[in-house]
Amino acid sequence: MNRLSVAVCGALMMLGTAAYADNVAGDLPDQLVHKTADELLATIRADRATYAKDHTKLYKMAEEKVLPHFDFVRMSQWVLGLNWRKATPEQRGRFVAQFRDLLVRTYSTALLNYTDQEIIYRPLSVKPTDDDVLVRTEVKQNGGAPNIPINYSFYKNKEGAWKVYDVTIDGVSLVTNYRSVYASKVKDQGIDGLLASMLDSAKESHK
């Protein structure tokens, strides 16, 4: 795998791990990431062949165990930026659903390609009053290549649960990256055009 592929796989693996552990009472974001990593990786190893043959099961696993804990509404708002305000409630709902499906598919593919690179967890200091924190990690590379820094943005919602709303891979924000791509598409095709292209991509991936 190349450097970017390793980064994406590592980032999505850990992002999903953090989401899976979201309901562990009392755990801080870095503890959430670390605590469930072994368990989730063991699950993938045990069923990798099955998931590789049946992507429907793979997507279902990602949806049920991992992605429901993402704050997709917040992520969608930031990804669309000013276009979120211009969108109708119906368009917003469709975008959140399509963006969620995109991340399910991306995450699922990453699970199958992940090759157990060592993950280094950086210390995290959190005050009781903090409601937004950054978890810093690195994916160790083989052959002496530089480690890939991966940072996770968490916020605490009104219910007191920590939620993931962005991940930065080697200095590139997932939300900012999609925001740039989608802004260009909305400019050329409009919001409905963007939604149509996202739906076409989803249908193609499900074949």
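Heavy-atom basis, side chains included; hydrogens, waters and symmetry copies ignored. No experiment lies behind these values; they were computed from the predicted model shown.
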With distance as the sole test, does Q91 use its side chain to make a donor-acceptor pair with the main-chain N or O of T88 at under 3.5 Å?
-> yes
Shortest non-hydrogen pair, V133 vs D130, comes out as CG1-CB, 4.2 Å
Over all atoms of both residues, closest heavy-atom pair of I150 and V167 | CG2-CG2, 3.7 Å
Aromatic plane relationship, Y182 with Y178 - under 30° parallel, 30 to 60° tilted, over 60° perpendicular = tilted
Partner set under salt bridge (Lys or Arg N to Asp or Glu O under 4.0 Å) for R94, not counting sequence neighbours = E90, D192
Main-chain N/O of G160 paired with N157 side-chain donor or acceptor, under 3.5 Å = yes
Can you list, pair by pair, the side-chain donor-acceptor contacts under 3.5 Å of residues 75-83, counting residues two or more places apart and other chains?
from : atom 1 : to  : atom 2 : distance (Å)
S76  : OG     : F72 : O      : 2.7

From T137 atom OG1 to L124 atom CG, the distance as rounded to the nearest 0.5 Å | 11.5 Å
Begin from the C-alpha positions of L134 and Y152 and carry the test side-chain contact (heavy atoms from CB on, under 4.5 Å) through to its verdict.
-> CA-CA 6 Å; L134 188 68; Y152 304 88; 5.8 Å; no
Here the gap from L174 atom CG to Y165 atom OH, rounded to the nearest 0.5 Å, amounts to 13.0 Å
When rounded to the nearest 0.5 Å, the distance separating OG1 of T168 from CG of N177 is 10.5 Å
Any side-chain heavy-atom pair of K203 and L199 under 4.5 Å | yes
So Y59 and H55, side-chain contact (heavy atoms from CB on, under 4.5 Å) or not? Walk me through it.
-> CA-CA 6 Å; Y59 296 156; H55 283 190; 3.9 Å; yes
Would you check if there is a donor-acceptor pair between the side chains of D71 and Y155 at a distance under 3.5 Å?
-> yes
Within the distance-only criterion (no hydrogens, no angle test), does the side chain of R92 pair as donor or acceptor with the backbone N or O of W84 below 3.5 angstrom?
-> yes
Separation between CD1 (I148) and CD1 (I120), nearest 0.5 Å, reads 11.5 Å
Working to the nearest 0.5 Å, report the span between CD of Q98 and OG of S201.
-> 9.0 Å
Using the rule that two of Ile, Leu, Val, Met, Phe, Trp, Tyr join whenever any of their side-chain heavy atoms come within less than 4.5 Å, decide whether V181 and L102 are in one cluster.
-> yes
Any side-chain heavy-atom pair from P149 and R136 closer than 4.5 angstrom?
-> no
Classify the side-chain pair D166/S173 by whether it contains a donor and acceptor separated by less than 3.5 Å.
-> yes
If you measure from NZ on K156 to CG on D132, what distance do you get to the nearest 0.5 Å?
-> 11.0 Å
Given side chains that start at C-beta, do those of F95 and L194 come closer than 4.5 Å, heavy atoms only?
-> yes
